[in-house]
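In what follows, chains carry the letters A, B, and so on, assigned in the order in which the sequence lines appear, proteins first and then strands, with residues in each chain numbered from 1. Reckoned from all heavy atoms, side chains included, excluding hydrogens, waters and symmetry mates.
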Protein chains: 2
Amino acid sequence: MSHGSFYANAPRHLVAVDCIIFGFEDGKLKLLIIQRKVDPLEGAWSLVGGFVQEDESTDHAAIRVLRQTTGIRDIYMEQLRTYGDANRDTGARVISLAYYALIRISEHDRMLAQEHGAHWLNLHQIPGLIFDHNTMLNEALERLRDKAKFHPIGFELLPEKFSLPQLRNLYEEIYQRPLDKRNFRKKILAMDILEKLDEKDKSTSKKGAHLYRFDRKKYDALTQHGFVFEI
Amino acid sequence: MSHGSFYANAPRHLVAVDCIIFGFEDGKLKLLIIQRKVDPLEGAWSLVGGFVQEDESTDHAAIRVLRQTTGIRDIYMEQLRTYGDANRDTGARVISLAYYALIRISEHDRMLAQEHGAHWLNLHQIPGLIFDHNTMLNEALERLRDKAKFHPIGFELLPEKFSLPQLRNLYEEIYQRPLDKRNFRKKILAMDILEKLDEKDKSTSKKGAHLYRFDRKKYDALTQHGFVFEI
DNA sequence: TCAAAAGTGTTCAGCCTACACCCATGA
DNA sequence: TCATGGGTGTAGGCTGAACACTTTTGA
């Protein structure tokens with residue numbers, strides 16, 4: 001092949017991003033999905049997605065799609081992997097990059113989501129999704145579990161101020177198993193990455209639970225000295 | 001946007017695969033790289049890569065590219081991640097899926113590789129590569145370390161029959177730190193996933209080291225009962 | 001006063017780490 | 001016989017898991 005035609009002769013593909021958007025509310029992990037607006041499979045449940053534009057980085061495409069649907073920006077987002085089977089999309093050959101995102105539902109624009117036909121569904125109530133989107137979801141969940149075990153990303157799902165019972169509840173949801181109250185508290189506090197506040201959260205008990213805030217500066221400093229977060 | 005034009009109006013992209021090909025020989029981790037044959041940057045060092053064809057899955061593209069360059073098939077290969085910056089390739093806008101592969105160098109067709117201008121280089125002697133290929137390499141190494149810690153993929157880099165000193169040497173190369181001889185042996189043998197052979201490898205000592213073979217059936221059976229491999 | 005969730009310490013077992021000497025054999 | 005790498009066991013410290021009662025306070 002001559003040099004000039006190396007790029008010119010190569011086939012071109014539709015490239016999409018699909019977002020697996022996790023949230024945490026009322027003690028449950030949730031997923032934001034929409035009803036598809038185009039054929040084929042119009043009206044079916046789907047992850048939030050869109051095509052990568054010319055001269056737009058794929059990361060930017062994912063951020064843009066998420067912002068357009070939920071109004072949220074500056075959130076935790078990470079590439080999962082790319083789904084490239086030739087027949088995965090029944091409408092055309094589309095290569096799709098899956099990204100997963102962690103959202104603080106409380107800070108999220110519910111109205112905008114509604115306008116786009118988006119809904120927060122409990123993870124246990126997710127219906128059949130189009131194409132390979134259920135596979136994407138399952139792999140995203142697995143990745144979330146792997147990642148959350150050694151990185152402090154759980155905080156991305158909680159409000160800025162949270163209680164220890166709330167935090168424990170989150171990890172119980174992620175890993176689908178009970179965690180010992182005392183051991184959890186001991187482990188987390190021993191890391192010395194939480195700032196204890198004077199406020200209490202009385203929404204779930206009469207006694208009230210102390211609120212904490214994740215101290216990223218402290219975490220970053222510790223990390224530079226070999227500290228490794230682990231749940 | 002009307003339904004019919006949903007796919008038709010979307011932009012199309014060049015999509016490539018690039019392979020980070022690891023091998024292990026003479027006690028050292030090695031990487032297979034080639035000298036680029038096309039402009040821009042003709043002659044510069046590059047990962048092995050190629051374009052994804054029409055109606056070809058991206059996984060298949062990676063397998064094909066690797067086979068065409070090295071003659072090897074049926075090897076361990078896994079998607080790393082996709083590099084999608086708009087300007088990452090200076091020749092054109094190309095979205096690239098990186099795959100990393102583990103090869104038994106001894107079973108590999110050196111002649112075919114030579115014909116393609118491919119070379120096995122010691123990991124510590126890798127020159128500057130084109131585009132973002134050094135980033136791909138570094139991320140692949142990190143992934144290899146993460147993956148090898150909890151999955152028995154190290155065996156993919158060794159001959160079918162190997163000694164424990166050889167295996168330990170491999171992990172010392174991967175993690176770049178010495179491993180205690182006795183503790184390593186104890187841990188590996190305790191897993192009960194190796195078959196001890198009657199043969200010895202006398203190439204590195206007069207006493208000779210017993211050869212072992214990875215028993216995948218045993219490993220799979222154990223895994224189903226909750227066993228987790230860990231180095 | 002009582003119900004309901006928050007908060008608190010200790011013990012035990014298992015695992016990881018550190019560490020030094022004998023063995024087998026070809027040269 | 002000797003140099004070289006292969007092979008072996010134990011003791012101490014640390015970490016993770018199990019586990020029950022007291023505190024607070026609004027209703």
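Looking at residues two or more places apart in sequence or on another chain, you find a side chain to side chain contact (heavy atoms under 4.5 Å, CB included) between A:Asp192 and A:Lys218. Annotation: ring pair (Phe, Tyr, Trp, His ring centres under 6.0 Å) contacts of A:Phe162 (sequence neighbours excluded): A:Phe155. With sequence neighbours excluded, the residues that form a side chain to side chain contact (heavy atoms under 4.5 Å, CB included) with B:Leu41 are B:Arg36, B:Ala44, B:Thr90, B:Ile130, B:Phe131. A:Glu115 is linked by a salt bridge (Lys or Arg N to Asp or Glu O under 4.0 Å) to nothing, counting only residues two or more places apart in sequence or in another chain. Every ring pair (Phe, Tyr, Trp, His ring centres under 6.0 Å) that B:His119 has, sequence neighbours left out, goes to B:Trp45.
Listed by residue number, B:Lys202, B:Lys206, B:Lys207 are the residues of residues 188-213 of chain B with a heavy-atom contact under 4.0 Å to DNA chain C. In the region residues 160-187 of chain A, proximity to DNA chain D at under 4.0 angstrom, judged on heavy atoms, holds for A:Asp180, A:Arg182, A:Asn183, A:Lys186.
Boundaries of the chain B contact region on DNA chain C are C:dT17 to C:dA27, first to last in 5' to 3' order (nucleotide atom under 4.0 Å from a heavy atom).
Applying the side chain to side chain donor-acceptor pair (under 3.5 Å) test to every pair with at least one member in residues 150-160 of chain B, sequence neighbours left out, gives these pairs: B:Glu156-B:Arg216, B:Glu160-B:Arg213. Residue pairs meeting the ring-ring contact (aromatic ring centres under 6.0 Å, His included) criterion with at least one member in residues 180-212 of chain B, sequence neighbours excluded, do not occur. Residue pairs meeting the salt bridge (charged side-chain N to carboxylate O under 4.0 Å, His left out) criterion with at least one partner in residues 58-70 of chain A, sequence neighbours excluded, are A:Glu56-A:Arg64.
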Side chains of residues 134-145 of chain B: which donor-acceptor partners sit under 3.5 Å, not counting sequence neighbours?
from: B:Asn134; atom 1: OD1; to: B:Leu129; atom 2: N; distance (Å): 2.7
from: B:Asn138; atom 1: ND2; to: B:Asn134; atom 2: O; distance (Å): 3.3
from: B:Glu139; atom 1: OE1; to: B:Arg81; atom 2: NE; distance (Å): 2.8
from: B:Glu139; atom 1: OE1; to: B:Tyr83; atom 2: OH; distance (Å): 2.9
from: B:Glu139; atom 1: OE2; to: B:Arg81; atom 2: NH2; distance (Å): 3.4
from: B:Arg143; atom 1: NH1; to: B:Glu78; atom 2: OE2; distance (Å): 3.3
from: B:Arg143; atom 1: NH1; to: B:Gln79; atom 2: O; distance (Å): 3.4
from: B:Arg143; atom 1: NH2; to: B:Leu80; atom 2: O; distance (Å): 2.7
from: B:Arg145; atom 1: NE; to: B:Ile174; atom 2: O; distance (Å): 2.7

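Heavy-atom contacts from other residues, nucleotides or ligands closer than 6.0 Å to CD of A:Glu230 number more than 12.
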